[in-house]
Amino acid sequence: MTTRTCPCGRPESYDACCGRYLSGAAAPTAEALMRSRYSAFVKGDAGYLLRTWHPRTRPGQLDLDPRTKWTGLEIVDTADGSAFHTTGTVTFRASYRGGSLHERSRFERVDGAWAYVDGEFLD
């Protein structure tokens, strides 16, 4: 990742990509929300992560470990999650210094906006 690209791996700048969602724009797809949530982990933005978590499964607080250095995101698969769906899944691998996280995340719309519901760890 260079300073000119978004942490989520897209070639756009952070402001043109995930930054706009962290600043308040609604993510149009489950994948876009997943990418923006990864960027929030990279940036240490626990508030955004909580705001985009489904109210049914949202924890009371989220303490991020500032020592975790996220190094890359790979989207492995998506199912549904477009503007025409109310649910969707995104399977991804997020790398960090010392390891990686492989998860299939579930998303649902809440009042028209995508929200992270939960995830199943794979591998």
Side-chain angles (χ1 to χ4, degrees):
M1 174 179 79
T2 69
T3 56
R4 301 171 79 183
T5 60
C6 189
C8 81
R10 296 242 183 220
E12 295 90 0
S13 70
Y14 171 74
D15 289 341
C17 192
C18 292
R20 61 190 163 148
Y21 306 130
L22 275 75
S23 294
T29 65
E31 180 181 339
L33 182 62
M34 171 58 235
R35 288 179 176 279
S36 69
R37 287 176 57 83
Y38 172 81
S39 291
F41 274 103
V42 171
K43 301 281 187 181
D45 191 340
Y48 178 77
L49 293 166
L50 289 170
R51 284 191 307 276
T52 58
W53 211 308
H54 197 290
R56 185 175 72 241
T57 57
R58 180 187 307 134
Q61 69 178 41
L62 184 62
D63 297 318
L64 301 178
D65 185 347
R67 296 170 298 177
T68 302
K69 301 300 178 201
W70 297 97
T71 59
L73 176 67
E74 173 193 4
I75 301 298
V76 176
D77 189 37
T78 62
D80 300 331
S82 77
F84 304 105
H85 298 107
T86 57
T87 63
T89 62
V90 179
T91 304
F92 67 92
R93 185 171 282 108
S95 300
Y96 56 90
R97 233 178 255 155
S100 68
L101 170 72
H102 190 194
E103 180 178 311
R104 180 178 303 112
S105 294
R106 293 185 321 127
F107 297 87
E108 292 179 9
R109 287 191 184 267
V110 175
D111 297 328
W114 285 107
Y116 170 78
V117 176
D118 60 19
E120 169 190 2
F121 293 117
L122 307 172
D123 291 342

Peer 1: If I compare all heavy atoms of Cys8 with all of Cys17, which pair ends up nearest, and what's the gap?
Peer 2: SG-SG, 3.8 Å

Peer 1: Could you measure the distance from the OH atom of Tyr48 to the OG atom of Ser39? Nearest 0.5 Å is fine.
Peer 2: 8.5 Å

Peer 1: Heavy atoms only: give me the nearest Tyr96-Thr71 pair and the separation to one decimal.
Peer 2: N-OG1, 3.6 Å

Peer 1: At their closest point, which heavy atom of Arg58 faces which heavy atom of Leu50, and how far apart are they?
Peer 2: NE-O, 2.8 Å

Peer 1: Between Thr29, Val90, Ile75, which is the residue that forms a side chain to side chain contact (heavy atoms under 4.5 Å, CB included) with Arg35?
Peer 2: Ile75

Peer 1: Using atom types as modelled and distance alone, determine if a side-chain donor or acceptor of Arg20 lies under 3.5 Å from a backbone N or O of Ala16.
Peer 2: yes

Peer 1: Does Lys43 qualify as a cation-pi partner of Tyr14, given the criterion of NZ or CZ under 6.0 Å from the six-membered ring centre and within 45 degrees of its axis?
Peer 2: yes

Peer 1: Between Arg93 and Asp123, does any NZ, NE, NH1 or NH2 come within less than 4.0 Å of an OD or OE carboxylate oxygen?
Peer 2: yes

Peer 1: Flag the pair Arg67 and Asp65 as a salt bridge only when some basic side-chain nitrogen lies within less than 4.0 angstrom of an acidic carboxylate oxygen.
Peer 2: yes

Peer 1: Do the ring centers of Trp53 and Tyr116 come within less than 6.0 Å of each other?
Peer 2: yes

Peer 1: OG1/Thr57 to CZ/Arg106 distance, rounded to the nearest 0.5 angstrom?
Peer 2: 8.0 Å

Peer 1: Heavy atoms only: give me the nearest Glu103-Leu122 pair and the separation to one decimal.
Peer 2: C-CD1, 4.2 Å

Peer 1: What is the minimum heavy-atom distance between Val110 and Ala115, and which atoms define it?
Peer 2: CG2-CB, 4.0 Å

Peer 1: For the side chain of Ser36 and the backbone of Leu33, is there at least one donor-acceptor N/O pair under 3.5 Å apart?
Peer 2: yes

Peer 1: What is the distance from atom OG1 of Thr52 to atom CE of Met34, rounded to the nearest 0.5 Å?
Peer 2: 10.0 Å

Peer 1: Short question: side chain of His85, backbone of Thr87 - any donor-acceptor pair under 3.5 Å?
Peer 2: no

Peer 1: Considering only NZ, NE, NH1 and NH2 on the basic side and carboxylate oxygens on the acidic side, decide whether Arg10 and Glu31 come within less than 4.0 Å.
Peer 2: yes

